[in-house]
Amino acid sequence: TPGFDLDGQTTSVLGSQDILLARWDEDGNALWAHTAGGACGLGSEADNGSRIAFDPAEQRVIISGRYDCPTTYFGSHVITGSADMTPDMFVASYNADGDCLWAIGTRGPLGTREILVDDASDVSIFAQNSATVTFQGTTPATVLPGACVAKYDMDGGLLSAERILVNGNVQHASWVGADEWVFGGFISNGAELYGQPITLGSPTNDGFVARTTTDGTIGWITTFRSSV
């Protein structure tokens with residue numbers, strides 16, 4: 001298995017493109033580097049992390065992104081993926097020493113857009129799904145195509161998953177209160193946010209920013225209209 005050196009920290013590469021997580025101290029010295037991914041000899045094996053968030057209460061990081069192989073490794077944790085090499089979404093938690101605490105995979109065409117961690121160390125993943133997907137947990141949740149939010153507890157247990165936006169895409173999100181967030185992206189004709197229709201000012205697409213509670217009560221929506 002090939003490997004590489006990152007500022008003196010050596011680690012292996014499992015497939016053709018792996019997920020990399022590394023930590024440096026305040027002086028820029030590399031403390032550790034770890035990879036995650038799979039080697040199945042099929043498709044692109046293009047595993048990658050696209051978003052990261054820090055949980056100060058638990059001194060851990062949450063990462064999310066995509067993986068390709070039917071069997072994918074995060075330290076001692078193994079998750080399964082689609083046999084047809086459809087890119088699936090992962091969520092994983094690592095402690096301050098770089099040990100993977102848990103990892104979860106969700107099969108289907110999902111793309112992570114944002115990770116938010118609340119004061120209780122619960123994790124909210126904003127994602128985009130182009131087809132119906134099922135988030136696995138004690139009580140699995142099936143979500144129709146659109147922009148969705150999946151919420152996990154600090155141990156990786158699925159708390160909920162729901163579609164929040166139809167005919168649109170969420171690109172970024174941020175907390176603005178204990179139970180309120182603001183997020184933005186773009187919308188197209190027929191867009192609905194938490195079931196409320198949004199009127200476009202342009203023929204095809206508008207940008208938008210919205211503030212809502214975590215349970216779906218809308219405070220306001222602002223659209224950025226275009227004549228294009």
Side-chain angles (χ1 to χ4, degrees), residues 1-2 4 6 11-22 33-55 60-94 98 100-117 123-137 140-152 156-165 168-173 183 185-186:
T1 302
F4 70 94
L6 180 67
T11 186
S12 62
V13 178
L14 300 173
S16 60
Q17 179 177 309
D18 279 5
I19 301 147
L20 171 66
L21 182 65
H34 297 298
T35 55
C40 50
L42 301 171
S44 63
E45 295 181 348
D47 308 314
N48 63 73
S50 59
R51 295 293 186 272
I52 186 169
F54 179 61
D55 177 6
R60 62 173 182 150
V61 294
I62 309 296
I63 61 173
S64 185
R66 60 167 276 179
Y67 67 103
D68 275 359
C69 288
T71 302
T72 300
Y73 300 88
F74 292 79
S76 61
H77 299 269
V78 181
I79 60 176
T80 58
S82 302
D84 61 358
M85 303 301 294
T86 298
D88 299 318
M89 186 185 81
F90 75 86
V91 183
S93 175
Y94 286 78
C100 184
L101 303 174
W102 50 262
I104 297 167
T106 299
R107 298 183 185 182
L110 273 164
T112 306
R113 296 294 185 261
E114 192 67 82
I115 305 173
L116 298 181
V117 183
V123 178
S124 294
I125 305 292
F126 285 76
Q128 192 72 25
N129 54 308
S130 58
T132 299
V133 298
T134 299
F135 291 85
Q136 299 300 321
T142 298
V143 179
L144 297 174
C148 63
V149 176
K151 188 174 182 179
Y152 299 88
L158 180 68
L159 298 173
S160 63
E162 64 174 327
R163 181 174 65 176
I164 64 170
L165 179 63
N169 197 319
V170 173
Q171 294 295 321
H172 297 286
F183 51 88
F186 67 84

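What you see is a predicted model, and the numbers here were worked out from it, not measured in a lab. Positions are given from 1, in the same order as the sequence printed here.
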Original post:
Are any of the side-chain heavy atoms of I125 and V149 separated by less than 4.5 Å?
Top reply: no
Subject >> Partner residues of A131 under the side chain to side chain contact (heavy atoms under 4.5 Å, CB included) criterion, sequence neighbours left out >> reply: P109
**OP:** State, to 0.1 Å, how close V143 and C148 come at their nearest heavy-atom pair, and which atoms those are.
**Re:** CG1-CB, 3.8 Å
Original post:
With sequence neighbours excluded, what pairs up with L144 under the side chain to side chain contact (heavy atoms under 4.5 Å, CB included) test?
Top reply: T132, R163
**OP:** For Y94, check ring-ring contact (aromatic ring centres under 6.0 Å, His included) against everything at least two apart and list the hits.
**Re:** none
Original post:
Do I104 and F90 touch side chain to side chain, with heavy atoms closer than 4.5 Å?
Top reply: no
Original post:
Taking the side chain as C-beta and beyond, is there a heavy-atom pair between V91 and F135 under 4.5 Å?
Top reply: no
Original post:
Between atom CD1 of I52 and atom OG1 of T112, what is the distance when rounded to the nearest 0.5 Å?
Top reply: 12.5 Å
Original post:
Does Q128 reach the main-chain N or O of G168 with its side chain, forming a donor-acceptor pair under 3.5 Å?
Top reply: yes
Original post:
Of all residues at least two apart in sequence or in a different chain, which pass the salt bridge (charged side-chain N to carboxylate O under 4.0 Å, His left out) check with R60?
Top reply: D55
Subject >> Contact summary for A33 and L6, nearest pair of heavy atoms >> reply: CB-CD2, 3.9 Å
Subject >> R107: side chain to side chain contact (heavy atoms under 4.5 Å, CB included) partners, not counting sequence neighbours >> reply: T80, S82, D88
**OP:** Give the minimum heavy-atom separation between S12 and D18, together with the two atoms involved.
**Re:** O-OD2, 4.4 Å
Subject >> Check: Y67 and I79 side chains under 4.5 Å, non-hydrogen atoms >> reply: yes
Subject >> Reported CD-to-CG distance for the pair Q136 and L158, which is rounded to 0.5 angstrom >> reply: 9.0 Å
**OP:** Check each of L20, L21, D47 against T35 using the side chain to side chain contact (heavy atoms under 4.5 Å, CB included) test, and report the only one that passes.
**Re:** L20
Original post:
Any donor and acceptor pair, going by atom type alone, linking the side chain of H172 with main-chain N or O of E114 inside 3.5 Å?
Top reply: no
Original post:
Can you list the residues that meet the ring-ring contact (aromatic ring centres under 6.0 Å, His included) rule with Y152, with sequence neighbours excluded?
Top reply: none
**OP:** Starting at OG of S124, measure out to CG of L116 and round the result to the nearest 0.5 Å.
**Re:** 6.0 Å
Original post:
Short question: side chain of H34, backbone of T11 - any donor-acceptor pair under 3.5 Å?
Top reply: no
Subject >> I164 side chain near F126 side chain, heavy-atom distance below 4.5 Å >> reply: yes
Subject >> Nearest heavy atoms of A147 and V170, plus distance in Å >> reply: CB-CG2, 3.9 Å
**OP:** Indicate the atoms forming the closest heavy-atom contact of C100 with A103, along with that distance.
**Re:** SG-CB, 4.3 Å
Subject >> Atom of V117, atom of I62 and distance for their closest heavy-atom approach >> reply: CG2-CG1, 4.3 Å
Original post:
Taking C-beta and beyond as the side chain, do L165 and F183 meet within less than 4.5 Å on heavy atoms?
Top reply: no
**OP:** Decide yes or no for C40 and P70: does some side-chain heavy atom of the first lie under 4.5 Å from some side-chain heavy atom of the second?
**Re:** yes
Original post:
Got V123 and K151 here, is their nearest side-chain heavy-atom distance under 4.5 Å?
Top reply: no
Original post:
When rounded to the nearest 0.5 angstrom, what is the spacing between CE in M89 and OG in S64?
Top reply: 4.5 Å
